[in-house]
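Here the structure comes first, spelled out in structure tokens, and everything after it is commentary.
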Amino acid sequence: MPELPEVETIRRTLLGEKAGAPSIRGLTINGAIIFWERTLDIPSLEEFGLRIVGQQVKDIGRRGKYMLVRLTDDTLIIHLRMSGDLWVEGQDLSLGQHYRMVLNFDNGSRLVFNDARKFGRVWLVSDPEQVLGKLGPEPFDPALNEQNFYESLRSRRRQLKPLLMDQTFIAGVGNIYADEALYRARLHPLQLSSRVTQGDAARLLESIRAVLQEGIERHGASIDWIYRGGDFQNYFGVYRRTGEPCWNCGTPIARITVGQRGTHFCPTCQKGNDGTA
DNA sequence: ACGAGCGCCTGTCGGC
DNA sequence: TGCCGACAGGCGCTCG
């Protein structure tokens, strides 16, 4: 899926912050269609339609990888998972093959939730905490600092890569940015969190923030057939660079599988202190 | 408290 | 050309 930078890019586009893109803020929903039933988590199909029609888009927020469309009475929460995308277009256009939800607005435009793999989910709730309650800290929250990040790492005994991708540990980091953050911090993906030093923790937090920030500035990464317009994929340090030379030392980038996910790292620059490298 | 495996889905790509 | 497995930006579940 899109990770935090891609979700943030889409959020800004839906608010009209990208040149030529119309904002949906202030528009009123006068029709809603779900094309794939499992896309809707809660409430029921019947209640969803009855409840959402007539509500106005007040603002769009984000929490981790979740898009939060704040309406008059409820919040429409959308998770894009692996292949989801959101955009605005005219109601006169024909429907695409992978449209899973469409919201029609009173000005003749519509919001499209497109999702080839059907993993995406939407929730319509009065209290967003019902869905977001278990999420860990937002990466850019100033309340997250070197000290409590260090303590949070030490309090668990997890491999760093799966831990970074655990949304209850920190929200918004996925497979690409976990690999990139560990590379930047010079930490091995299998190193145990219980054994990091204060310096390791400080570098890792700084690295997470730096790669997410760069991802946002480059409007996210666009890979495979899911094109979203960003160009961060041209600046990857390790992700999908298997066999290519490390920018720092020239060693071929290695690929291993961790938690069923492709994991890329430099065997020379990223040494673990737990015997894994 | 962990990690591993699997299910959910469709599409693309490389090898034969 | 066609088929077939590997792989893909995520996450919830079960099982040791």
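We name chains A, B, ... by the order of the sequence lines, and we start the count at 1 in each one.
Within residues 110-122 of chain A, the residues that place at least one heavy atom under 4.0 Å from DNA chain B are, in residue-number order, A116(A), R117(A), K118(A), F119(A). The stretch residues 155-175 of chain A touches DNA chain B through R156(A), R157(A), R158(A), Q159(A), each having a heavy atom within less than 4.0 Å of the strand. Near DNA chain C, meaning a heavy atom under 4.0 Å away, the residues from residues 232-244 of chain A are Y239(A), R240(A).
For the side-chain contact (heavy atoms from CB on, under 4.5 Å) test, residues two or more places apart in sequence or in another chain that qualify with E214(A) are R218(A), F232(A), Y235(A). Remark: P137(A) engages L144(A) in a side-chain contact (heavy atoms from CB on, under 4.5 Å) (not counting sequence neighbours). The side-chain hydrogen bond (donor to acceptor under 3.5 Å, both in side chains) test applied to R12(A) returns E8(A), not counting sequence neighbours. Scored by the side-chain hydrogen bond (donor to acceptor under 3.5 Å, both in side chains) test, D141(A) finds no partners at all (sequence neighbours excluded).
Contact annotation: side chain of E3(A) to base of dG9(C), donor-acceptor pair absent below 3.5 Å.
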Quick test: give all pairs of protein nitrogen or oxygen and nucleotides 14-16 of chain C nitrogen or oxygen below 3.5 Å, distance rounded to 0.1 Å.
none

Identify all pairs in which a protein N or O lies below 3.5 Å from an N or O of nucleotides 3-6 of chain C, and state each distance.
none

Legend entry - Canonical and wobble pairing (Watson-Crick, G-U, under 3.5 Å) of DNA chain C, dot-bracket with |: .|||||||.|||||||
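Counting non-hydrogen atoms under 4.0 angstrom, E180(A) reaches nothing in the nucleic acid.
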Compile the donor-acceptor pairs under 3.5 Å between side chains in residues 24-31 of chain A and protein atoms, sequence neighbours left out, one pair per line.
| from | atom 1 | to | atom 2 | distance (Å) |
| --- | --- | --- | --- | --- |
| R25(A) | NH2 | D59(A) | OD1 | 3.1 |

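Here W36(A) sits alone; no ILVMFWY side chain lies under 4.5 Å from its own, so it joins no hydrophobic cluster.
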